[in-house]
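Okay, structure first, notes after.
Letters go in sequence order (proteins before strands), and every chain restarts at 1.
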There are 2 protein chains.
Amino acid sequence: MPPAATAPAPRGPTPKTPRPTIRDIAARAGVSKSLVSLALGGAPRVAPGTRQAILDAAEELGYRRNAAAQALGAHRTRTIGVFVLDLHNPITADLLQAVQAEARRRDYRTIVVVGDEDAAAERAELEKLLEFRVEGIIALGHRLPDGAREAFTADCPAVVIGSQQEGVPHLVSMSNDDVAGASLAVDHLVALGHERIAHIDGGSSAVARDRRRGYRAAMRRHGLAEHITVVKGSFTDEGGYRGASQVLAGSDPPTALFVVNDLAALGVLAAVADRGLAVPGDVSVIGYDGTRMAGLRALGLTTVAQPLDELGTRAAALLCGRLEGEPPGSPVTRLTPTLVVRRTTAPPASRHPGGPGPGRGRGVTTSGGTARLKA
Amino acid sequence: MPPAATAPAPRGPTPKTPRPTIRDIAARAGVSKSLVSLALGGAPRVAPGTRQAILDAAEELGYRRNAAAQALGAHRTRTIGVFVLDLHNPITADLLQAVQAEARRRDYRTIVVVGDEDAAAERAELEKLLEFRVEGIIALGHRLPDGAREAFTADCPAVVIGSQQEGVPHLVSMSNDDVAGASLAVDHLVALGHERIAHIDGGSSAVARDRRRGYRAAMRRHGLAEHITVVKGSFTDEGGYRGASQVLAGSDPPTALFVVNDLAALGVLAAVADRGLAVPGDVSVIGYDGTRMAGLRALGLTTVAQPLDELGTRAAALLCGRLEGEPPGSPVTRLTPTLVVRRTTAPPASRHPGGPGPGRGRGVTTSGGTARLKA
DNA sequence: CTGAAAGCGCTTACAG
DNA sequence: CTGAAAGCGCTTACAG
């Protein structure tokens, strides 16, 4: 019976009406609690008629399973926890969506928890996941020091998406190949005719380090070692703005900028505009991540795209597989990024007037509106 | 004792080592389970020495409370569920951060769950929250029909942030005043000298409806009823692009566009550029929401800012208050939005050459770089 | 200040 | 195919 809508509003945390339990269902269906549990759980050997009666009774009572009781009784939760480090980073939404979809497909629940600037809060959130006894954790970034990482993964398997992590037991990583991605960016710029290509970097994280390395290696490979210029930046709009302002103010400024991520690239775009320069006429700009934002028509940012959907899906698949007892497999998986050429890259202004057009090498995708080159 | 790191990797969902329970702590500290529970829960009348011994034992054992058992024993979870409808909408991150911070301050846990395009998935996620027996729900948007909404809120109090909801018991809403916000936008444009101001709308949602109403009312108030033009759009980049393309292609196109949200405004910016027009030289554009994205230096979008932080904080405060037994109070709270003037609005090109500068009326904030007007 | 006991709502062998 | 019983890890009156 549904609670009377006209009952005086109750106060405090106690539920209005005691919720029905399997005991109530059992009484109504005239069977034992055990059978109710079996039927609700979809166990095979319950007589069809009995099962239906139980299901009907549950329906009529408005029964809703109590996850806590279930977890306690079954000794497992079938839920995986997702830790999100930076909700403002546009890649988070795509990753999370993919993770959730795959987990659902495999019949695991997910609960997400978000960190913020505060490192202590991050640990508290992770701790919360463990108190809920999630069976595994997927981290969309994190900033735990090595020691703490081990403490957590000792209790439940985890996969971190984004950066590679090696040597931590029960921790696997799922990332794109940042070195190769950086190379894609440099190759594209070089194919367009650029030589003075600078990199606005992201600081000390593993991801930033790999993109920086990839940039350096690619420059050397193209015989452009003398033009290697790494400018301090960050993964934010502000960082990109500052980095670009600085490098563009120097003598003999670069004709192209490879930026550590899309968000920072936005800041770079602004810095370029603020100096009265045109993109891509005077300076080409290329970001990293392949966020939706980069593809927004007002931006048209050329970028190195991570296979976000695949990263999320595979991370979840990997974790669920582990939980089902599949063998661990390789601790690190690295997917291949692709280049998405849009409107912020073009041949440098004052050279190769009849030079090579937009480079479209292997793995190159063009999207996001016509590639109108202002030059 | 920590598990030996060299033990053969266990398989399957069963935890490596049985986690310590309060019973283990009791044994180690030489007291009863009850006392352990009391001490861990911070109960006042436990002898200081005993308490310390218990805490030490817990520490040494690497004890971690089991949320499920706690919930079952205490008949409450002290957790509130947050439902997120659209992770891609930039306002979500700000709102979520504020909600979480306030909940933590009041000693409530939060768990978040995200919906996606699929309406069935949305219900499943909400259902999941209820299975976890969250004590309250905060919804960052939703698309449940009225009936379903009641079914959920009958079980636990909820506050939806964003749109106003009236007449649903136990459901309160926390929103910004969209009508007033739309008016702010129109007033600003009118103060700049615009008359042909069109609105790119957001469709059939309550939020879109209120912003549309506010626009119409403000236009009438300024004696510009004849110029009222509402163009079909949506809350996305694409919607804005299409709407703007359409209205700009007409004869006697508007000199200013008030767009339903920041994301759609980006599309509008692109559409304007694609027609070879300049912003704000030929067309002024103003968005809504006050997202970080709008403030990104590469964009500099003028926008009506919702007090996102306050919305999130107050929603959480309201809900927690309810849970602590505070009286319900008003079912709808509407906060006042403010205007943030940046670089996409300016006086119309061909009139008032020496007209009024950027209007800075009441409640106007200027931010995000110098307000360089291209005109 | 402390302990024994009951109970929360489920699941899962174990017997029929 | 079905039921009685034990147990999961906590909390909370209720007695000392």
Q: Evaluate the criterion side-chain contact (heavy atoms from CB on, under 4.5 Å) for residue pair Val99(A) and Ile161(A); output intermediate values, then yes/no.
A: CA-CA 10 Å; Val99(A) 164; Ile161(A) 301 184; 4.1 Å; yes
Q) Judged by modelled atom types alone, do Gln52(A) and Asp56(A) share a side-chain donor-acceptor pair under 3.5 Å? A)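 Result is yes, a qualifying pair exists.
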**Q.** Whichever of Ser34(B) and Ala68(B) has its nearest DNA chain D nucleotide further upstream toward 5'
**A.**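 Of the two residues, Ala68(B) wins.
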Whole-Å gap separating [atom2] ([N]) and [atom1] ([X]):
X         : N       : atom1 : atom2 : value
Asn66(A)  : dC8(C)  : CG    : P     : 12 Å
Arg64(B)  : dG9(D)  : CZ    : P     : 15 Å
Ile22(B)  : dC10(D) : CD1   : C1'   : 5 Å
Arg76(B)  : dG9(D)  : CZ    : P     : 24 Å
Phe132(B) : dC10(C) : CZ    : C1'   : 15 Å
Arg19(A)  : dG7(C)  : CZ    : C1'   : 19 Å
Glu131(B) : dC10(C) : CD    : P     : 10 Å
Arg78(A)  : dT11(C) : CZ    : C1'   : 15 Å

Heavy atoms from C-beta onward define the side chain here; which of [options] lies closest to that of [X]?
X        : options                  : result
Leu72(A) : dT12(C), dC8(D), dC10(C) : dC8(D)
Ser37(A) : dT2(C), dC10(D), dT12(C) : dT12(C)
Ala69(A) : dG3(C), dG9(C), dG3(D)   : dG9(C)
His75(B) : dT12(C), dC8(C), dT12(D) : dC8(C)

Q) Quick one: are Val112(A) and Val84(B) in side-chain contact, heavy atoms under 4.5 Å? A)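 Heavy-atom side-chain distance check fails, nothing below 4.5 Å.
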Q. Are Ile111(B) and Val113(B) close enough that some pair of their side-chain heavy atoms sits under 4.5 Å apart?
A. no
Q) Which distance, rounded to the nearest 0.5 Å, do you find between the CG of Leu35(A) and the CZ of Arg45(A)? A) 11.5 Å
Q: Mind checking Leu35(A) for me? I need base, sugar-phosphate or nothing, with any heavy atom below 4.0 Å counting as a touch.
A: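 Sugar-phosphate contact only.
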Q: Using a 4.0 Å heavy-atom cut-off across all strands, classify Thr21(A) as base, sugar-phosphate, or nothing.
A: sugar-phosphate
With a 4.0 Å cutoff (strictly under), does any side-chain N or O of [X] reach OP1 or OP2 of [N]?
X        : N      : result
Ser32(B) : dG3(C) : yes
Gln70(A) : dG9(C) : no
Thr50(A) : dT2(D) : yes

Q.
Could you tell me the Watson-Crick or G-U partner of dT2(D), where both distances fall under 3.5 Å? Say none if there is no partner.
A.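 In the structure as shown, dT2(D) has dA15(C) as its Watson-Crick or wobble partner.
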Q: Nearest-nucleotide wise, let me know which of Gly41(A) and Arg45(B) is further upstream toward the 5' end of DNA chain C.
A: Arg45(B)
Q. Closer to the 5' end of DNA chain C via nearest nucleotide, is it Lys33(B) or Arg133(B)?
A.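 Here Lys33(B) is the residue nearer the 5' end.
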Q. What residue among Gln100(A), Arg106(A), Arg104(A) forms side-chain hydrogen bond (donor to acceptor under 3.5 Å, both in side chains) with Glu102(A)?
A.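 Exactly one pass, corresponding to Arg106(A).
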